[in-house]
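Here the structure is laid out as structure tokens; the discussion comes afterwards.
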Amino acid sequence: MSVSELIAAARRARRHAQAAYSGFKVGAALETAGGAIVTGCNIENATYGLTVCAERVAMFKALSDGHRAFTRIAIVADTDSPTPPCGACRQILWEFGGNLEVHLANMHEHKGVHQLKDLLPLPFDARLL
Ligand code: THU
């Protein structure tokens with residue numbers, strides 16, 4: 001699968017975002033080691049604090065479906081500046097996805113790619129327990 005297909009899947013997932021409070025819709029598409037795509041969107045709710053970001057929705061869906069190894073994730077928002085994953089998502093993506101390629105895009109273009117290890121230096125993870 002190409003990066004543009006992964007980004008296209010994230011853009012489609014974004015349409016399902018539940019962002020009634022912030023108005024900020026995000027889509028994510030996670031590629032499994034087997035080449036499947038699992039998507040997610042942000043899910044806000046009236047508590048505000050129980051919001052879950054698009055990236056964690058995608059990862060939790062994938063884990064719940066039995067996927068265990070991942071290669072890349074695309075994250076899309078409708079902004080000129082790219083939307084990098086928040087700290088909580090970096091932690092979860094690292095624990096379950098390892099050093100993913102993180103592709104950031106908006107509705108029109110691919111804005112950049114990062115390695116997750118660079119976004120989460122000195123991580124806390126199971127090796128330290
Ligand atoms: N959000 C994501 O879904 N992913 C990100 O990478 C950044 C933020 C969501 C959380 C919340 O619903 C809205 O965007 C505004 O923070």
Side-chain angles (χ1 to χ4, degrees):
M1 178 208 320
S2 66
V3 169
S4 42
E5 285 172 307
L6 196 66
I7 291 170
R11 288 186 183 128
R12 286 193 299 273
R14 181 180 169 277
R15 294 185 201 142
H16 303 297
Q18 298 293 303
Y21 302 95
S22 73
F24 193 78
K25 297 184 176 188
V26 184
L30 181 63
E31 181 186 57
T32 72
I37 299 183
V38 183
T39 60
C41 60
N42 52 328
I43 311 286
E44 300 180 354
N45 55 85
T47 67
Y48 296 10
L50 294 180
T51 290
V52 186
C53 296
E55 298 92 319
R56 271 176 291 153
V57 170
M59 179 57 83
F60 292 154
K61 278 174 67 181
L63 292 168
S64 180
D65 285 346
H67 297 292
R68 289 293 180 268
F70 306 95
T71 49
R72 300 185 283 194
I73 189 167
I75 304 163
V76 166
D78 187 12
T79 50
D80 191 40
S81 302
T83 297
C86 77
C89 288
R90 292 178 199 206
Q91 181 70 29
I92 292 296
L93 293 174
W94 176 261
E95 171 138 6
F96 296 105
N99 189 26
L100 293 170
E101 264 181 32
V102 180
H103 291 268
L104 307 179
N106 63 19
M107 304 311 286
H108 313 290
E109 56 183 347
H110 186 202
K111 302 291 285 189
V113 58
H114 304 270
Q115 288 191 276
L116 189 56
K117 71 177 174 55
D118 298 324
L119 300 183
L120 190 67
L122 199 62
F124 173 75
D125 59 32
R127 294 173 297 190
L128 300 174
L129 295 175

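V38 forms part of no hydrophobic cluster, judged by ILVMFWY side-chain heavy-atom separations under 4.5 Å. V57 shares a hydrophobic cluster with I43, V52; the chain of contacts runs through ILVMFWY side chains whose heavy atoms sit under 4.5 Å apart. Cluster partners of M107 are V3, I7, V76, counting Ile, Leu, Val, Met, Phe, Trp and Tyr whose side-chain heavy atoms approach within less than 4.5 Å, directly or via other members. In this structure, L6 belongs to a hydrophobic cluster whose other members, linked by side-chain heavy atoms under 4.5 Å apart, are M1, I37.
By the side chain to side chain donor-acceptor pair (under 3.5 Å) test, R72 pairs with E31, sequence neighbours left out. With sequence neighbours left out, the salt bridge (charged side-chain N to carboxylate O under 4.0 Å, His left out) criterion links R127 to D125. In terms of the side chain to side chain donor-acceptor pair (under 3.5 Å) criterion, residue partners of E5 (sequence neighbours excluded) are, by chain and number, S2. Listed by chain and residue number, E44 satisfy the side chain to side chain donor-acceptor pair (under 3.5 Å) test with S22 (two or more places apart in sequence, or in another chain).
Listed by first and then second residue, the side-chain hydrogen bond (donor to acceptor under 3.5 Å, both in side chains) pairs that reach into residues 6-15 come to none, sequence neighbours excluded. Judged as a ring pair (Phe, Tyr, Trp, His ring centres under 6.0 Å), the pairs with a partner in residues 12-51 (not counting sequence neighbours) are, in order, Y21-Y48. Pairs engaging residues 103-119 under the salt bridge (Lys or Arg N to Asp or Glu O under 4.0 Å) rule: D80-K111, E109-K111 [sequence neighbours left out]. For the ring pair (Phe, Tyr, Trp, His ring centres under 6.0 Å) condition, the pairs that include at least one residue of residues 56-105, sequence neighbours left out, are H103-H110.
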